[in-house]
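Take a look at the structure below.
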Amino acid sequence: MKVAKEWRLGSMGDTKILPGSRHCSPLKRPIWIILMVSFVSLFLVCAYIYPPNSDVACYVFSSRGCKVLTDWLPPPKRELTDEEIISRVVVRDILDTPPVESKNPKIAFMFLTPGSLPFEKLWDMFFRGNEGRFSVYIHASKEKPVHVSPYFLNREIHSSPVTWGAFSMVDAERRLLAYALKDPDNQHFVLLSDSCIPLHNFDYVYNYLMHANMSFIDCFVDPGPHGNGRYSTRMLPEVEEKDFRKGAQWFTMRRQHALLVMADSLYYSRFRDYCRPFADGKNCIADEHYLPTFFNLVDPGGIANWSVTRVDWSERKWHPKSYRAQDVTEIAFSLNLWNGHMKLEVIFNGNFGQYSFSC
């Protein structure tokens with residue numbers, strides 16, 4: 001007869017030794033998760049490369065249709081038009097071609113004016129003693145100018161009427177560039193108006209522009225009604241709203257960029273046709289948008305995104321602020337001789353160190 005054995009706490013002799021703990025076998029890898037992730041990744045790649053063209057295919061994965069996919073998938077690359085391909089080839093060749101070195105590099109000063117230049121005597125002081133280092137071109141849109149300086153005599157080019165805000169302003173700029181490019185020694189091109197004056201002496205301006213391996217073209221994004229609010233979808237597909245830029249009209253550009261402007265027909269035609277005052281209910285001013293947008297598209301790294309010509313828009317009017325006598329602290333036609341010639345400095349109230357001209 002078996003006798004029940006009493007278990008006593010703490011009695012080592014009666015302690016029952018339990019079998020040792022089992023070593024758990026390694027967990028099997030979740031193969032099905034890996035397969036699912038691979039399948040989803042493959043599906044997304046295919047959806048990006050071959051987007052669904054039918055509503056049925058879209059609703060397989062979402063009741064909201066294709067829009068739910070396009071909302072977060074990156075947009076597919078657009079096929080370039082023939083005009084864009086031609087434009088990119090021309091731009092690439094011009095930028096890749098080393099500039100022709102001139103033994104006598106000059107700056108072309110291009111004046112866009114309705115008639116006579118009220119500050120011609122001041123410019124005469126600026127140019128004096130620097131013959132052979134500059135060229136002057138005048139586009140007089142209304143009347144033949146009367147000159148008081150020999151540097152401006154017979155420097156008028158063929159001109160056409162120019163209307164403020166109209167595309168004729170861009171045509172006048174291109175016409176000035178075309179005439180200035182005829183001289184192979186002209187290496188930098190400065191657009192000025194009849195109200196512009198120099199802020200430094202000629203040597204300062206010459207060295208500053210000639211040693212800068214870029215063009216000074218104002219270029220920025222303006223999301224307001226006077227910026228991107230002027231954009232027209234009729235410029236698509238070549239000009240998208242994200243590439244639309246604004247900037248002041250006054251520029252200085254190196255020779256390669258001047259050649260790009262002359263060679264452009266694609267973007268020129270888009271702005272000529274669709275950036276006009278009151279076109280499509282928008283007041284698009286082409287001379288404020290064409291060049292900034294053009295260079296943002298073809299050579300954004302080659303421009304400074306700001307201009308060396310100071311213009312004061314603080315009054316928030318259609319035209320910049322006009323300077324009066326009280327705004328000038330000193331107009332120093334200094335009698336200090338430099339290389340035997342009179343120096344010129346024009347000093348206004350304020351800090352204009354980064355600017356070479358004021359309009």
Side-chain angles (χ1 to χ4, degrees), residues 106-114 117-120 122-123 125-127 134-139 152 162 164-165 169-170 172-174 176-177 180 186-220 222 245-255 257-258 261 285-296 302-324 327-328 331 344-359:
K106 297 188 292 185
I107 296 177
F109 292 86
M110 308 179 302
F111 291 87
L112 189 58
T113 175
L117 297 167
F119 295 113
E120 190 168 311
L122 184 61
W123 284 104
M125 294 283 294
F126 175 76
F127 291 135
F134 67 91
S135 302
V136 173
Y137 302 88
I138 305 168
H139 185 291
F152 290 82
V162 175
W164 179 85
M169 188 75 74
V170 174
E173 295 172 5
R174 286 165 56 98
L176 279 164
L177 282 173
N186 287 333
Q187 298 297 308
H188 214 95
F189 304 79
V190 180
L191 181 67
L192 301 160
S193 76
D194 55 324
S195 62
C196 293
I197 61 172
L199 294 178
H200 298 279
N201 62 56
F202 185 90
D203 278 317
Y204 179 96
V205 173
Y206 183 90
N207 292 329
Y208 187 89
L209 296 181
M210 285 299 189
H211 294 157
N213 190 28
M214 65 176 60
S215 296
F216 294 92
I217 298 172
D218 200 21
C219 179
F220 59 92
D222 181 357
R245 295 292 185 270
K246 184 180 179 179
Q249 174 186 10
W250 313 112
F251 63 77
T252 69
M253 66 174 64
R254 56 194 183 97
R255 188 175 183 89
H257 282 163
V261 175
I285 310 299
D287 60 79
E288 294 181 0
H289 295 284
Y290 166 57
L291 287 181
T293 302
F294 173 65
F295 282 104
N296 177 60
I303 63 174
N305 293 327
W306 53 276
S307 172
V308 294
T309 302
R310 186 183 189 277
V311 181
D312 188 349
W313 294 99
S314 61
E315 295 179 341
R316 298 184 178 276
K317 297 179 180 179
W318 286 109
H319 298 282
K321 177 182 177 180
S322 298
Y323 293 109
R324 308 297 179 187
D327 298 312
V328 183
I331 300 182
L344 169 66
E345 293 287 348
V346 182
I347 306 173
F348 287 89
N349 287 317
N351 179 17
F352 303 135
Q354 65 176 340
Y355 300 104
S356 296
F357 312 99
S358 179
C359 293

Practice task
Could you check whether the rings of F294 and Y290 sit parallel, tilted or perpendicular, using 30° and 60° as the cut-offs?
Solution key: parallel
Exercise for the section: Examine F127 together with W123 and report whether their ring centres are nearer than 6.0 Å. Expected result: yes
Handout entry: Heavy-atom closest contact (F119 atom, D194 atom, distance)
Key = CD1-O, 3.6 Å
Problem - Check: F126 and F134 side chains under 4.5 Å, non-hydrogen atoms - result: no
Exercise for the section: For Y137 and A108, work out which heavy atoms get closest and say how close. Expected result: CE1-CB, 3.9 Å
Exercise for the section: Evaluate the side-chain contact (heavy atoms from CB on, under 4.5 Å) criterion for residues F152 and F109: first the C-alpha distance (whole Å), next the side-chain angles of each, then the deciding distance (0.1 Å), finally the verdict. Expected result: CA-CA 11 Å; F152 290 82; F109 292 86; over 6 Å; no
Handout entry: For S135, side chain to side chain donor-acceptor pair (under 3.5 Å) partners two or more places apart
Key = K106, N186
Practice task
First locate atom CG of L192, then atom OG1 of T252, and finally report the distance between them rounded to the nearest 0.5 Å.
Solution key: 9.5 Å
Problem - Rounded distance [0.5 Å steps], CD1 in I217 versus CZ in R245 - result: 13.5 Å
Problem - CG-CG distance between L176 and L191, expressed to the nearest 0.5 angstrom - result: 6.5 Å
Exercise for the section: Examine distances only and state if a side-chain atom of S307 and a backbone atom of F251 form a donor-acceptor pair shorter than 3.5 Å. Expected result: no
Handout entry: CA sep, side-chain torsions, deciding dist, call: F111, E120, side-chain contact (heavy atoms from CB on, under 4.5 Å)
Key = CA-CA 11 Å; F111 291 87; E120 190 168 311; over 6 Å; no
Exercise for the section: Quickly, which of R174, Q249, M253 forms a side chain to side chain contact (heavy atoms under 4.5 Å, CB included) with L291? Name it, please. Expected result: M253
Fill in the blank from the handout: Between G247 and P292 the two heavy atoms that sit nearest each other are N-CG, 3.7 Å
Handout entry: Gap between atom CG of N201 and atom CG of N207 - 0.5 Å precision
Key = 9.0 Å
Completion exercise
Closest non-hydrogen contact found for W306 with A304 is CD1-O, 2.9 Å
Handout entry: Rounded distance [0.5 Å steps], NE2 in H211 versus OH in Y206
Key = 7.5 Å
Exercise for the section: Answer yes or no: is there a donor N or O on one side and an acceptor on the other, between the side chain of W250 and the main chain of D218, under 3.5 Å? Expected result: no
Exercise for the section: Could you grab the distance from atom NE2 of H289 to atom CG of D222, nearest 0.5 Å is fine? Expected result: 7.5 Å
Practice task
Report yes if some heavy atom in the side chain of I303 is under 4.5 Å from a heavy atom in the side chain of C219; otherwise report no.
Solution key: yes
Exercise for the section: Given side-chain contact (heavy atoms from CB on, under 4.5 Å), test V261 with F189 step by step and report yes or no. Expected result: CA-CA 12 Å; V261 175; F189 304 79; over 6 Å; no
Handout entry: Side-chain heavy atoms of I285 within contact of M169, under 4.5 Å
Key = no
